[in-house]
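Here is the structure we will look at, set down as structure tokens.
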Amino acid sequence: METTMQTGSMQLRVLAPTNIVVDEPVTKVIAEAENGSFCLEPRHVDFVAALVPGLFEFASATGEIRFMAIDEGILVKSGQEVSVSVRHAVIGPDLGDLEQTVHEEFETLDDRERVARSAIARLEADFVRRFLQLGESHRV
């Protein structure tokens, strides 16, 4: 079995908190950091970058260009391994489909975050109410 070093490719792993988004050999990675976009290829030096929200592009070992929308994250290239850790990532076959998928995903996230914020607000209000009741019961 050929290693990624022998084939001139890198192993890309994109990890989100709940799933592995990508785990495959690639020949090129294009991403964006705060100081601009950059390209990594197999023979480039080891590299670390804080990624900004935007498009992440990579070329599969078969030469297919693929796109992914990412939230902020960290990219680490060490040897032939490229590891990316992000909060949210959405992969799509082309830019048009990716835009639609991103809108759907973020609408779902917004709904979940609204529900979570509402639940937290109820818990906080209940905590304060019980705390005040506890204080009143000790005054008697």
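Side chains are part of it too, since the values below use all heavy atoms of this structure and drop only hydrogens, waters and symmetry mates. By convention here, the first residue in the shown sequence is residue 1.
- Shown here for Val21 and Ala16, the closest heavy-atom pair between the two residues is CG2-CB, 4.1 Å.
- Summarising the geometry, atom CE belonging to Met10 is positioned 7.0 Å from atom OG1 belonging to Thr27; distances are rounded to the nearest 0.5 Å.
- Pro53 and Asp71 make their closest contact through CG-OD1, 3.8 Å (heavy atoms, listed as atom of the first residue, atom of the second, distance).
- With a 4.5 Å cut-off on side-chain heavy atoms, Val14 and Val86 count as touching.
- Here the side chains of Met68 and Val22 are in contact, with some heavy-atom distance below 4.5 Å.
- For Ile20, the side-chain contact (heavy atoms from CB on, under 4.5 Å) partners two or more places apart in sequence, or in a different chain, are Leu15, Asp23.
- Contacts of Asn35 classified as side-chain contact (heavy atoms from CB on, under 4.5 Å), with partners at least two apart in sequence or in another chain: Ala33.
- Arg66 is listed as a side-chain neighbour of Glu24, based on a closest heavy-atom distance under 4.5 Å.
- Side-chain contact check for Glu57 versus Ile65: some heavy-atom pair is nearer than 4.5 Å.
- Summarising the geometry, atom CZ belonging to Arg87 is positioned 12.5 Å from atom OG1 belonging to Thr18; distances are rounded to the nearest 0.5 Å.
- Applying the side chain to side chain donor-acceptor pair (under 3.5 Å) rule to Ser60 yields the partners Thr62; only residues at least two apart in sequence or on another chain are considered.
- Note that the OG atom of Ser83 and the NZ atom of Lys77 stand 11.0 Å from one another [nearest 0.5 Å].
- Shortest non-hydrogen contact noted between Pro25 and Ser9 is CB-OG, 3.9 Å.
- Leu75 has its side chain within reach of Val82: a pair of non-hydrogen atoms, C-beta onward, lies under 4.5 Å apart.
- Looking at Phe58 and Ile91, their side chains come closer than 4.5 Å, going by heavy atoms from C-beta outward.
- A salt bridge links Glu81 with Arg13: at least one charged nitrogen is closer than 4.0 Å to a carboxylate oxygen.
- Remark: Arg43 engages no residue in a side-chain contact (heavy atoms from CB on, under 4.5 Å) (not counting sequence neighbours).
- Listed by first and then second residue, the ring pair (Phe, Tyr, Trp, His ring centres under 6.0 Å) pairs involving residues 15-43 are Phe38-Phe47 (not counting sequence neighbours).
- In this structure, Val45 stands alone, with no Ile, Leu, Val, Met, Phe, Trp or Tyr side-chain heavy atom under 4.5 Å from its own, directly or through other members.
- Between Ile30 and Leu55 there is no side-chain heavy-atom pair separated by less than 4.5 Å.
- Expressed to the nearest 0.5 Å, how far NE2 of His44 lies from CD of Gln80 amounts to 11.5 Å.
- Residues Ile70 and Ala89 approach most closely at CG2-CB, 4.2 Å, considering heavy atoms.
- Annotation: side chain of Leu12 is in contact with side chain of Val84 (closest heavy-atom distance under 4.5 Å).
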